[in-house]
Amino acid sequence: QVQLGESGGGLVQAGGSLRLSCTASGRTLSTYTMGWFRQAPGKEREFVAVISWSGGSTYYADSVKGRFTISRDNAKNTVYLQMNNLKPEDTAVYSCAARRDAGVVIIPSLYPYWGQGTQVTISS
């Protein structure tokens, strides 16, 4: 069983930056593909970014490409999402998810382990 916990959310102005962290307990994340997803009020959960277990492969949603960077530190059992040039439309609850021994996976339902989420609010 993998327990995931996110941190780093908050309220920032448009154009600002935040770094989200997702830390695992219970199991090492070194063999898990990790994804970040977000859900805005009244909208479905959507893919944001994914990183393979080794960190060698990453993939981003078009809406965040060039602004967000996903990375991981397997020694710290932590995955990060650096978010720059934030926009009001980035406002959502951001959640990390884990899937063992997979490549780049962007479909939320294929991830069995999820964190509780952290709120990101961008003011205009």
Side-chain angles (χ1 to χ4, degrees):
Q1 188 75 10
V2 177
Q3 289 89 39
L4 302 174
E6 302 92 339
S7 62
L11 170 65
V12 299
Q13 290 187 328
S17 298
L18 284 172
R19 188 176 81 156
L20 305 183
S21 299
C22 171
T23 302
S25 59
R27 293 283 180 92
T28 176
L29 288 182
S30 61
T31 59
Y32 287 78
T33 284
M34 299 298 297
W36 281 100
F37 297 82
R38 66 187 182 186
Q39 187 167 20
K43 296 187 177 181
E44 292 188 356
R45 179 178 283 168
E46 66 173 355
F47 164 76
V48 176
V50 61
I51 188 167
S52 63
W53 67 270
S54 67
S57 296
T58 59
Y59 185 74
Y60 298 90
D62 287 342
S63 59
V64 307
K65 200 172 296 183
R67 300 188 297 122
F68 291 11
T69 302
I70 189 171
S71 62
R72 66 190 300 158
D73 185 339
N74 286 340
K76 296 183 177 180
N77 239 19
T78 300
V79 177
Y80 304 98
L81 185 68
Q82 177 67 43
M83 306 187 295
N84 298 328
N85 190 22
L86 285 160
K87 304 176 181 180
E89 52 263 43
D90 294 320
T91 294
V93 174
Y94 284 70
S95 301
C96 64
R99 175 181 166 86
R100 189 169 183 181
D101 298 330
V104 171
V105 177
I106 67 172
I107 301 173
S109 61
L110 296 180
Y111 284 81
Y113 305 109
W114 289 83
Q116 80 286 353
T118 185
Q119 177 70 46
V120 171
T121 304
I122 312 303
S123 62
S124 57

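All heavy atoms count here, side chains included; hydrogens, waters and symmetry mates do not.
Residues Tyr111 and Phe37 approach most closely at CE1-CZ, 3.6 Å, considering heavy atoms. Ser17 and Asn84 make their closest contact through OG-OD1, 2.9 Å (heavy atoms, listed as atom of the first residue, atom of the second, distance). Shown here for Pro88 and Ser124, the closest heavy-atom pair between the two residues is CG-CB, 3.8 Å. Closest of all the heavy-atom pairs between Ser71 and Ile51 is CA-CD1, 3.7 Å. Scanning both residues, Tyr113 and Gln1, for their nearest heavy atoms gives CE2-OE1, 4.0 Å.
Note: the hydrophobic cluster containing Val12 also contains Val64 (ILVMFWY, side chain heavy atoms under 4.5 Å, direct or indirect links). Hydrophobic clustering (side-chain heavy atoms under 4.5 Å, transitive across Ile, Leu, Val, Met, Phe, Trp, Tyr) groups Ile70 together with Leu86. In the hydrophobic cluster analysis, where Ile, Leu, Val, Met, Phe, Trp and Tyr join through side-chain heavy atoms closer than 4.5 angstrom, Trp53 is grouped apart from Ile106. The hydrophobic cluster containing Val104 does not contain Phe68, counting ILVMFWY residues as joined when their side-chain heavy atoms lie under 4.5 angstrom apart, directly or transitively. Follow the hydrophobic side-chain contacts under 4.5 Å out from Leu18 and you never reach Leu11; the two are in separate clusters.
Between Ser63 and Arg38, the closest side-chain pair of non-hydrogen atoms falls below 4.5 Å. Using a 4.5 Å heavy-atom cutoff, the side chains of Thr69 and Tyr60 are in contact. Side-chain contact check for Gln119 versus Thr91: some heavy-atom pair is nearer than 4.5 Å. Looking at heavy atoms from C-beta onward, Trp36 lies out of side-chain contact with Met83 at the 4.5 angstrom threshold. In this structure the side chain of Leu29 reaches within 4.5 angstrom of the side chain of Val2, judged on heavy atoms.
Grouped with Tyr80 in a hydrophobic cluster is no other residue, since no side-chain heavy-atom contact under 4.5 Å to another Ile, Leu, Val, Met, Phe, Trp or Tyr is found.
The OG atom of Ser7 sits 15.0 Å away from atom OH of Tyr94, with the distance rounded to the nearest 0.5 Å. Expressed to the nearest 0.5 Å, how far OG of Ser52 lies from CE of Met34 amounts to 12.0 Å. The OH atom of Tyr32 sits 11.5 Å away from atom CZ of Arg99, with the distance rounded to the nearest 0.5 Å.
With Glu6 contributing its side chain and Leu20 its backbone, the two residues share no donor-acceptor pair below 3.5 Å. Remark: side-chain polar atoms of Ser30 are not paired, donor with acceptor, to backbone N or O of Thr28 under 3.5 angstrom. Checked by atom type and distance alone, the side chain of Asn77 pairs as donor or acceptor with a backbone atom of Arg27 at under 3.5 Å. At least one donor-acceptor pair under 3.5 Å links the side chain of Arg67 to the backbone N or O of Asn85. When atom types are taken as modelled, the side chain of Thr33 and the backbone of Gly103 share a donor-acceptor pair closer than 3.5 angstrom.
Counted within 6.0 Å of NZ on Lys65, heavy atoms from surrounding residues, nucleotides or ligands total more than 12; the atom is thus considered enclosed.
Residue pairs meeting the disulfide (SG to SG under 2.5 Å) criterion with at least one partner in residues 29-91, sequence neighbours excluded, do not occur; the list is empty.
Looking at Lys87 and Asp90, no side-chain N of the basic residue comes within less than 4.0 Å of a carboxylate O on the acidic one, giving no salt bridge.
For the side chain to side chain contact (heavy atoms under 4.5 Å, CB included) test with Ser21, the passing option among Thr78, Thr118, Val79, Leu81 is Thr78; the others fail.
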